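Note that this is a predicted model, so its numbers are computed, not measured. Chain letters run A, B, ... following the sequence lines, proteins first, then strands; residues in each count from 1.
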Protein chains: 2
Amino acid sequence: MEAAGTVRLSEQLRERIEENIVTGAYPPGTRLDEVELAETFGVSRTPIREALIQLSSEGFIEIRPRRGAIVAQIAPARLCEMFDVMAELEAMCGRLAARRAVAEDIKRIREAHAACQSARDANDPDTYYRLNETFHFAIYVASHNGFLAEQATGLHRRLRPYRRLQLRVRNRMNNSFDEHNAIVEAIARGDSDAAADILRSHVAVQGERFADLIASLASMHPDKTTDPTTAMRRSA
Amino acid sequence: MEAAGTVRLSEQLRERIEENIVTGAYPPGTRLDEVELAETFGVSRTPIREALIQLSSEGFIEIRPRRGAIVAQIAPARLCEMFDVMAELEAMCGRLAARRAVAEDIKRIREAHAACQSARDANDPDTYYRLNETFHFAIYVASHNGFLAEQATGLHRRLRPYRRLQLRVRNRMNNSFDEHNAIVEAIARGDSDAAADILRSHVAVQGERFADLIASLASMHPDKTTDPTTAMRRSA
DNA sequence: AGGAAGATTATTGTATACAAGATTTGCAAA
DNA sequence: TTTGCAAATCTTGTATACAATAATCTTCCT
């Protein structure tokens with residue numbers, strides 16, 4: 001079974017481009033030129049277009065008819081809406097996980113939690129950020145609702161660049177870890193209401209974290225518009 | 001046709017094919033042949049492929065590498081998972097709507113509700129089914145969370161064919177309407193907890209409705225399947 | 001000099017051609 | 001009759017060619 005060969009090229013391209021988006025290599029507003037991408041990846045325009053169409057329906061980019069594709073620029077208000085939904089999905093995962101997690105689920109969650117602790121102790125935000133995802137994904141899986149887990153993973157991924165910035169905020173990593181602690185305990189003792197509530201507020205963007213988000217946003221799309229002159233000015 | 005000309009062809013095709021899927025014209029398991037579709041719609045394979053790719057990432061169809069696309073066959077277990085998530089999204093919409101709905105939102109909801117009443121009194125399930133969607137969409141909008149409304153609408157649409165069958169069940173239309181009544185009142189008086197709870201149980205597939213769903217599923221994909229064992233069993 | 005209109009260029013959208021893998025069909029042997 | 005294999009056929013995946021629209025540049029007029 002030639003596993004790699006059976007995968008569609010447009011799929012691989014979608015992954016690679018998506019990776020470049022969520023890591024910030026293609027920041028919001030970046031114009032995605034089809035021929036340029038085709039040359040970069042050494043393929044023709046066809047699979048590139050198919051990849052872009054997928055990214056568009058997943059919300060990562062915006063395709064304006066006859067005017068090309070740009071990396072989605074999410075307005076602050078909409079970002080808050082997305083975090084609100086994310087919080088509710090996480091809460092649901094937590095509630096279900098508290099009810100349905102089996103020993104192995106709990107084990108995976110605890111392991112991910114322990115790994116986070118190491119990163120926190122080492123004061124390594126980048127590693128913590130990565131392990132934090134593992135922790136949350138473990139909870140999604142423990143919900144034993146595959147569809148929910150997929151939805152949560154997808155949205156989590158879309159919010160990845162913004163979440164990353166959040167962890168830079170002073171003490172956020174420590175607070176995050178303490179909250180994780182409470183989450184693990186709630187799930188382990190089967191307290192579904194507590195698990196849901198803690199996860200919801202863990203994810204939600206409220207109070208001062210709202211201001212933090214806005215501030216980090218400003219640092220993210222500094223003045224990127226679709227106007228090429230802006231890029232020129234920046235490079236000058 | 002100037003106005004229509006500005007819209008991508010693959011977009012229009014996606015809509016038309018999606019419509020054929022959710023209305024049941026292309027039942028689950030149907031093979032979607034690219035050249036056949038191209039001839040049917042009088043276009044080349046390229047826009048057809050782009051439409052199929054979109055439908056795939058929205059979950060309406062399944063593309064197996066080098067083996068073509070089929071209309072998604074959602075297993076009963078997964079369908080339940082999807083309804084569970086739908087229930088939670090609806091609950092969230094209801095909670096927010098109860099808090100944030102303005103006079104005009106309430107007005108639209110009440111109008112949709114009144115329209116449902118007419119269809120119920122006329123004992124017209126098809127019309128009720130259509131107006132029921134309008135009612136729910138009105139609540140999504142009243143949540144004043146655009147992203148949430150989009151997610152809810154998308155999932156609602158995906159579940160459309162299954163929901164439709166549910167309404168055929170004896171008395172489901174009457175029960176549904178009574179529940180709508182309670183929902184409207186909860187939202188109108190700003191009782192967010194009640195709105196969320198009623199909406200959740202209104203949508204959820206629990207108890208006897210679970211059996212109804214399974215039964216209607218059986219009537220839906222009668223013999224169309226990719227699972228060889230099922231085909232063998234049936235042909236025996 | 002500034003702006004408008006037309007021409008030019010560049011990029012997207014669609015169609016067709018070609019390549020590669022999967023399915024089917026036909027045939028032979030057990 | 002059924003099973004295994006191989007050739008033929010059909011379908012998908014990718015590349016290229018062409019068409020149509022948007023962006024840019026030039027030129028001319030005020």
Side-chain angles (χ1 to χ4, degrees), chain A residues 1-17 26 29-57 60-72 224-233, chain B residues 1-17 26 29-57 60-72 224-229 231-232 235-236:
Chain A
M1 202 175 290
E2 48 286 52
T6 62
V7 179
R8 281 213 315 288
L9 187 48
S10 64
E11 266 305 316
Q12 299 174 239
L13 291 169
R14 180 193 59 74
E15 279 178 26
R16 293 179 65 178
I17 297 173
Y26 298 160
T30 304
R31 190 145 184 303
L32 299 175
D33 186 272
E34 294 181 359
V35 297
E36 194 180 314
L37 288 171
E39 284 169 10
T40 302
F41 293 106
V43 298
S44 79
R45 277 178 55 217
T46 307
I48 293 286
R49 276 185 67 82
E50 298 188 347
L52 291 182
I53 286 168
Q54 269 190 275
L55 289 170
S56 170
S57 43
F60 287 103
I61 71 174
E62 188 185 340
I63 298 181
R64 297 140 333 152
R66 290 255 173 220
R67 300 190 54 209
I70 59 171
V71 177
K224 261 281 170 38
T225 64
T226 55
D227 184 0
T229 59
T230 311
M232 284 167 55
R233 178 161 50 73
Chain B
M1 224 180 275
E2 294 299 314
T6 63
V7 180
R8 280 215 315 292
L9 189 49
S10 64
E11 267 304 317
Q12 299 174 240
L13 291 168
R14 181 193 58 76
E15 280 179 24
R16 294 180 64 179
I17 297 173
Y26 298 162
T30 305
R31 190 143 185 302
L32 299 176
D33 186 273
E34 294 181 0
V35 297
E36 193 179 316
L37 289 171
E39 285 169 10
T40 302
F41 293 106
V43 297
S44 80
R45 275 177 58 216
T46 306
I48 292 286
R49 274 184 69 82
E50 298 188 347
L52 291 182
I53 287 168
Q54 273 190 271
L55 289 170
S56 170
S57 43
F60 287 103
I61 70 174
E62 188 185 340
I63 298 182
R64 298 142 330 156
R66 291 253 174 222
R67 300 190 53 209
I70 61 169
V71 177
K224 271 277 176 40
T225 175
T226 54
D227 183 2
T229 58
M232 282 164 57
S235 65

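Residues passing the side chain to side chain donor-acceptor pair (under 3.5 Å) test with B:Arg16: none are found, sequence neighbours excluded. A:Glu34 pairs by the side chain to side chain donor-acceptor pair (under 3.5 Å) definition with A:Arg45, A:Arg49, not counting sequence neighbours. Applying the side chain to side chain donor-acceptor pair (under 3.5 Å) criterion to A:Glu11, with sequence neighbours excluded, gives A:Arg14, A:Gln54. Looking at residues two or more places apart in sequence or on another chain, you find no side chain to side chain donor-acceptor pair (under 3.5 Å) involving A:Thr40.
Atom CG in A:Leu52 sits about 13 Å away from atom C1' in C:dT11, given to the nearest Å. One atom, CZ of A:Arg8, and another, P of D:dT12, lie 12 Å apart when rounded to the nearest Å. Atom-to-atom, CD of B:Gln54 to P of C:dG13 comes out at 12 Å; the value is rounded to the nearest Å. In this entry the distance linking CZ of B:Arg31 with P of D:dT11 reads 7 Å, nearest Å. Separating the CD1 atom of A:Ile63 from the P atom of C:dT12 is a distance of 10 Å, rounded to the nearest angstrom. B:Ile53 has its CD1 atom 12 Å from the C1' atom of D:dT14, to the nearest Å. One atom, CD1 of B:Ile48, and another, P of D:dG13, lie 14 Å apart when rounded to the nearest Å. The nearest whole Å value for the distance from the CD atom in B:Glu34 to the P atom in D:dT14 is 11 Å.
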Practice item. Could you go through the side chain to side chain contact (heavy atoms under 4.5 Å, CB included) check for A:Ile70 and A:Arg64 one step at a time? Key: CA-CA 8 Å; A:Ile70 59 171; A:Arg64 297 140 333 152; 3.8 Å; yes

Exercise for review: Mind running side chain to side chain contact (heavy atoms under 4.5 Å, CB included) on A:Leu37 and A:Leu52 for me, showing each step along the way?
Suggested key: CA-CA 10 Å; A:Leu37 288 171; A:Leu52 291 182; 4.2 Å; yes

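Taking 4.0 angstrom as the limit, B:Arg67 places none of its side-chain polar atoms (N or O) nearer than this to OP1 or OP2 of C:dG21.
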Check your understanding: In B/S/- notation, 5' to 3', how is nucleotides 15-20 of chain D contacted by protein heavy atoms closer than 4.0 Å?
Key -> BBB--B

